[in-house]
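Below is one structure, written out as structure tokens, with a few remarks after it.
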Amino acid sequence: MKKTIVFTGGGSAGHVTPNIAIIDELDQNVWDVQYIGSKNGIEKELIEKISIPYHGISSGKLRRYLDFENVKDGFRVLKGCLDARRVLRKLKPALVFSKGGFVSVPVIIAAKSLKIPVLIHESDMTPGLANKIAQRFATKIFTSFEETLNYFPKDKTAAIGSPIRRGILKGSPYKGIELLGFDRRRPVLTVMGGSLGAKKINETIRAALPQLKDYQIIHLCGKGNVDENYANQKDYKQYEYVHDELPHFLAATDFVITRGGSNSIFEFLALRIPMLIIPLTKNQSRGDQILNGKSFQEKGYAMMLEEEHLSAETLVKHLADLKSKRDDMKQKMTSLDRKDAIGILIEEINGR
Ligand SMILES: CC(=O)N[C@H]1[C@@H](OP(=O)(O)OP(=O)(O)OC[C@H]2O[C@@H](n3ccc(=O)[nH]c3=O)[C@H](O)[C@@H]2O)O[C@H](CO)[C@@H](O)[C@@H]1O
């Protein structure tokens with residue numbers, strides 16, 4: 001008889017794509033895979049696309065301060081715990097695997113109350129609020145960054161790198177160039193503002209286009225952000241979000257401009273693509289991307305440009321610097337930080 005495993009995590013692609021990466025590698029003759037996410041989060045569409053049974057529960061945003069919305073969200077989280085408990089009692093999983101995000105908290109609390117083992121993975125340099133809460137309920141904790149070990153109990157935590165989907169490494173540069181209608185002899189720059197796009201990066205890259213004529217540009221600009229004024233240009237292709245084409249596009253990419261989302265930057269590291277990281281600011285986030293970016297810069301994998309200093313001029317200048325550091329960066333990107341996190345997690349799961 002198959003054993004059941006429940007995955008959870010959501011709110012942004014960053015909390016879902018690693019789960020999909022692991023699910024892809026699990027032997028589904030051995031494991032019955034199920035997913036618990038929020039009723040309407042981005043995870044619903046991404047998980048249904050890979051045909052894994054999806055259970056939507058009530059979910060509320062967790063805040064560090066108290067206000068009326070917070071109280072309402074408290075009730076939603078409470079309802080989420082009851083929803084999750086009901087689903088888990090029915091599925092009777094051997095374990096729960098969580099990638100974090102608000103929706104994961106009620107699932108983990110419910111799992112703990114039913115004595116179901118919980119594994120969690122933290123992608124960022126510093127833990128998000130969900131994983132901070134989840135850590136006390138977790139049986140075992142994995143992190144992408146070595147630096148993150150300081151934030152969790154030593155006896156149950158291991159740094160293993162980021163579980164990046166293996167498919168992302170299997171793209172063909174020729175196919176990418178062909179899909180894009182680009183010229184194989186000229187450099188390709190990919191601009192990726194995280195799974196949700198990035199308004200300021202989008203505007204700045206478009207303003208800098210006249211100074212970027214050496215490059216052929218793939219711009220992944222996020223939902224609703226394609227600018228029709230720039231449609232049908234030979235050297236500048238815009239997409240809201242790409243799925244199956246992404247491995248081919250990245251295989252054809254020479255440089256990348258990116259947010260500091262952990263999944264993206266570990267994917268670029270595995271592909272050895274020199275990156276210019278423009279992290280979300282402290283006003284837009286809890287500042288995790290700044291720390292992710294700093295860590296990569298210190299290790300020589302990336303350059304960083306803070307959004308406060310972002311303009312067409314600084315972007316072009318940083319890109320020129322990136323070009324001059326390209327060989328050195330690629331050399332450094334062969335390090336141990338490219339661990340086989342997926343392999344480690346699959347082994348851990350199979351041992352349960
Ligand atoms: C706004 C926000 O809260 N961002 C957080 C979110 O990142 P967010 O989900 O925005 O970004 P990540 O870089 O972590 O992940 C994006 C994922 O989407 C994929 N992708 C992207 C564009 C596209 O067209 N196609 C595609 O498949 C990327 O390859 C990657 O696997 O979770 C990360 C991991 O906890 C955090 O580091 C980020 O701070």
Side-chain angles (χ1 to χ4, degrees), residues 9-22 24 41-43 45-46 49-50 61-62 98-104 120-132 134 142-145 148 162-169 171 176 190-202 218-226 237-251 253 256-271 273 275 277-296 302 307 341-342:
S12 81
H15 293 134
V16 193
T17 46
N19 274 341
I20 296 177
I22 302 165
D24 274 351
I42 182 173
E43 60 272 22
E45 187 195 328
L46 294 172
K49 199 167 178 296
I50 58 162
K61 208 172 159 91
L62 304 165
S98 165
K99 266 307 300 157
F102 303 132
V103 71
S104 68
I120 66 176
H121 182 278
E122 173 57 58
S123 296
D124 293 302
M125 249 272 307
T126 56
L129 188 51
N131 276 349
K132 263 192 195 150
F142 299 94
T143 67
S144 289
F145 290 86
T148 319
S162 184
I164 48 173
R165 32 194 176 151
R166 292 208 167 128
I168 205 95
L169 306 174
T190 291
V191 182
M192 188 158 114
S195 58
L196 309 172
K199 193 164 176 282
K200 174 120 190 245
I201 296 179
N202 292 349
I218 307 169
H219 187 178
L220 307 175
C221 41
K223 216 170 181 171
N225 296 332
V226 165
K237 300 281 185 295
Q238 303 174 80
Y239 301 86
E240 289 193 335
Y241 189 91
V242 289
H243 293 274
D244 300 344
E245 304 93 333
L246 190 64
H248 305 303
F249 285 4
L250 293 182
T253 296
V256 74
I257 296 178
T258 175
R259 279 293 193 208
S262 148
N263 297 287
S264 305
I265 63 175
F266 272 94
E267 286 169 5
F268 301 139
L269 172 63
L271 288 160
I273 307 174
M275 42 191 135
I277 299 178
I278 306 174
L280 280 176
T281 63
K282 282 211 174 104
N283 294 334
Q284 298 159 320
S285 70
R286 60 188 178 86
D288 53 318
Q289 294 197 357
I290 301 175
L291 297 172
N292 292 349
K294 279 194 178 142
S295 168
F296 267 41
E307 193 167 303
I342 290 269

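Counting starts at 1 for both ligands and their atoms, in listed order. Along the sequence shown, the residues carry numbers beginning at 1.
For ligand 1 and Ser264, the ligand atoms under 4.0 Å from any heavy atom of the residue are 12 (P), 13 (O), 15 (O), 16 (C), 30 (C). Set against the non-hydrogen atoms of Val242, the atoms of ligand 1 under 4.0 Å away are 23 (C), 24 (O), 25 (N), 26 (C), 27 (O). For ligand 1, the atoms closer than 4.0 angstrom to any heavy atom of Asn292 are 37 (O). Interface atoms of ligand 1 facing Ser262, defined by a heavy-atom separation under 4.0 Å, are 14 (O), 37 (O). Against a heavy-atom cut-off of under 4.0 Å, Thr17 is close to the following atoms of ligand 1: 17 (C), 31 (O). Close approach of ligand 1 to Asp288 is summarised as follows: ligand atoms under 4.0 Å from at least one heavy atom of the residue are 36 (C), 37 (O), 38 (C), 39 (O). Listed by atom number, the atoms of ligand 1 under 4.0 Å from Gln289 heavy atoms are 4 (N), 38 (C), 39 (O). Residue His15 has at least one heavy-atom neighbour below 4.0 Å for each of these atoms of ligand 1: 35 (O).
Between Lys99 and Glu43 there is no salt bridge, since none of the side-chain N atoms of the basic residue sits less than 4.0 Å from a carboxylate O of the acidic one.
Here the shortest heavy-atom pairing between Ser104 and Ser98 reads CB-OG, 3.3 Å. Nearest heavy atom pair, residue Ala270 against residue Ile164, reads CB-CD1, 3.1 Å. Taking both residues in full, the closest heavy atoms of Gly10 and His15 are given as O-ND1, 3.0 Å, listed atom of the first, atom of the second, then distance. Listed here is the closest heavy atom pair of Val226 and Glu240: CG2-CG, 3.8 Å.
In terms of polar-atom proximity, defined here as any N/O pair under 3.5 Å, Gly14 does make such a contact with ligand 1. Looking at ligand 1, you won't find any N or O of Met192 less than 3.5 Å from one of its N or O atoms. For the pair Glu240 and ligand 1, the shortest N or O to N or O distance does not fall below 3.5 Å.
You'll find the ring centres of Phe296 and Phe266 inside the 6.0 Å limit.
No part of Arg259 comes within 4.0 Å of ligand 1, judged by heavy-atom distances. At a heavy-atom cutoff of 4.0 Å, ligand 1 is contacted by no atom of Ile265, backbone or side chain.
For the residue pair Gln284 / Thr281, a side-chain donor-acceptor distance below 3.5 Å is found, with atom types taken as modelled.
The closest non-hydrogen atom to atom 19 (C) of ligand 1, taken over Arg165, Gln284, Arg286, His121, comes from Arg165. Summarising the contacts of atom 14 (O) of ligand 1 with Leu46, Ile20, Asn263, Thr258, the nearest heavy atom is found in Asn263.
Atom NZ of Lys294 has 12 or fewer heavy atoms from other residues, nucleotides or ligands within 6.0 Å.
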Take Glu307 and Arg259, measure what salt bridge (Lys or Arg N to Asp or Glu O under 4.0 Å) needs, and give me the verdict at the end. CA-CA 10 Å; Glu307 193 167 303; Arg259 279 293 193 208; 2.7 Å; yes
Side chain to side chain donor-acceptor pair (under 3.5 Å) between Thr148 and Thr143, worked out: CA-CA 6 Å; Thr148 319; Thr143 67; 4.7 Å; no
